[in-house]
Amino acid sequence: MTTNDFFCRDCGKWFQVKPEILARYPGWQPKQCLKCKNSSGRTGAAESRSRASRSSAPRAAGSRAKGGRSRGSKRKGGELNLTTAEVLERFNEGPTDGVFTDGACTGNPGPGGWGAVWVRDNAVVEQRHGHEARTTNNRMELTALIAAYEMLPTDAEVTIWSDSNLCVRTINEWAAGWKARGWKRKTGPVENLDLVQLAYDASLRHRHATLRWIKAHAGSRWNEYADALATAYTRDTI
């Protein structure tokens, strides 16, 4: 990596910015690669058009007021905001053993939650969840991962599943190098250092546990279940 290498907070990949552009903005630390920045711009425009269309359409009878959440309502991104019971009714695919983690945030930063569920033979062994009034999605993902390790005996041979590629690569690929350099990245400080350190130290204590990435909202029962735990702060029940 060089001084013009940066890490994209959205896709989890390194990207470069031309030196002549960086020279125009001293001290600037880009957070998104060009592809993700353009994608978010298109998404924002589409959402604006969608909101305008909805505002001009007549409200359906029995619809809930703004700010309310009905059973099985949609949340940002289009995923269903389900309870754990609804997840178990709807989904049957995916791994049936391991610890599944997820984090969520309404706004970034904003109120958020995290969830972790330990499963053996398709049955819950233990689950934990929590929330914070003001946080970020990445902090909630890391908090869920720490909770996963805390549930396990140190000699457990188990897979921990996270749908955050950033978390998985942080622990599996980057944290060792950051620690060797005094918890510093070549391109700047380590974000959420307090939680990264806790998660990495926990991974070292659980040497028989394997951390792997799982695709979010792809029909995996226990990934969806962890999501339901993480988003419980938006509902009256888990």
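Keep in mind the model is a prediction, meaning the values are calculated, not measured.
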Contact summary for A116 and L229, nearest pair of heavy atoms
O-CD1, 3.7 Å
Test of understanding: with salt bridge (charged side-chain N to carboxylate O under 4.0 Å, His left out), list the residues that count as partners of E150, not counting sequence neighbours.
R128
Going from OG on S203 to CG on L198, what distance comes out if it is rounded to the nearest 0.5 angstrom?
11.0 Å
For D97 and T159: C-alpha separation, side-chain torsions, deciding distance, then whether side chain to side chain donor-acceptor pair (under 3.5 Å) applies.
CA-CA 8 Å; D97 291 277; T159 299; over 6 Å; no
Close side-chain approach of V158 and L152, heavy atoms under 4.5 Å:
yes
If Ile, Leu, Val, Met, Phe, Trp and Tyr residues are connected whenever their side-chain heavy atoms lie under 4.5 Å apart, and connections chain through other members, are V168 and M140 in the same group?
no
Can W183 and V196 be said to form a side chain to side chain contact (heavy atoms under 4.5 Å, CB included), step by step?
CA-CA 10 Å; W183 286 110; V196 170; 3.9 Å; yes
Hydrogens and angles aside, do T96 and D121 bring a side-chain donor and acceptor to less than 3.5 Å of each other?
no
Y233 and E132: side chain donor to acceptor below 3.5 Å
no
Qualifying residues under side chain to side chain donor-acceptor pair (under 3.5 Å), relative to D194, sequence neighbours excluded:
R139
What pairs with Y200 under side chain to side chain donor-acceptor pair (under 3.5 Å), at least two apart in sequence or on another chain?
none
For L211, is there any backbone N or O sitting under 3.5 Å from a side-chain donor or acceptor partner on N172?
yes
I'd like to know whether K179 forms a side chain to side chain contact (heavy atoms under 4.5 Å, CB included) with Q197, so could you lay out the CA-CA distance, the side-chain angles of the two residues, the decisive distance to 0.1 Å, and finally the verdict.
CA-CA 9 Å; K179 184 176 182 179; Q197 289 175 322; over 6 Å; no
Minimum heavy-atom distance C105-G110, with the two atoms named
SG-O, 3.5 Å
List for me each residue that meets side-chain contact (heavy atoms from CB on, under 4.5 Å) alongside E224, sequence neighbours excluded, and say none if there are none.
V87, F91, H217
Is it true that the side chains of N223 and D163 contain a donor and an acceptor less than 3.5 Å apart?
yes
Begin from the C-alpha positions of S162 and I214 and carry the test side chain to side chain contact (heavy atoms under 4.5 Å, CB included) through to its verdict.
CA-CA 6 Å; S162 169; I214 188 169; over 6 Å; no
Do R90 and L82 make a side-chain contact, defined as non-hydrogen atoms from C-beta onward lying under 4.5 Å apart?
yes
Give a yes or no answer on whether the side chain of R185 reaches the backbone of G188 with a donor-acceptor pair at less than 3.5 Å.
no
Name all pairs fulfilling the ring pair (Phe, Tyr, Trp, His ring centres under 6.0 Å) condition that reach into residues 124-157, sequence neighbours left out, sorted by first residue then second.
Y149-H206
In terms of hydrophobic clusters joined by side-chain contacts under 4.5 Å, are W114 and I171 together?
no
Using modelled atom types only, decide if a donor and an acceptor are shared between the side chain of E141 and the backbone of G103 within a distance under 3.5 Å.
yes
Is there a path of hydrophobic side-chain contacts, each under 4.5 Å between heavy atoms, that joins W161 and W222?
yes
Evaluate R235 against T237 for side chain to side chain donor-acceptor pair (under 3.5 Å), listing each step before the verdict.
CA-CA 5 Å; R235 302 183 302 271; T237 179; over 6 Å; no
Would you say that V99 contacts V119 through its side chain, given a criterion of any heavy-atom pair below 4.5 Å between the two side chains?
no
Measuring from M151:CE to T101:OG1, what's the distance to the nearest 0.5 Å?
9.0 Å
Does E93 CD have over 12 foreign heavy atoms under 6.0 Å away?
no
Scan side-chain atoms only and decide if R212 and T210 contain a donor-acceptor pair under the 3.5 Å cut-off.
no
Excluding sequence neighbours, so at least two apart, what forms side chain to side chain donor-acceptor pair (under 3.5 Å) with N92?
R221
Can any side-chain N or O of N108 pair as donor or acceptor with the backbone N or O of N137 at less than 3.5 Å?
yes
T84 side chain to I238 backbone, donor-acceptor under 3.5 Å:
yes
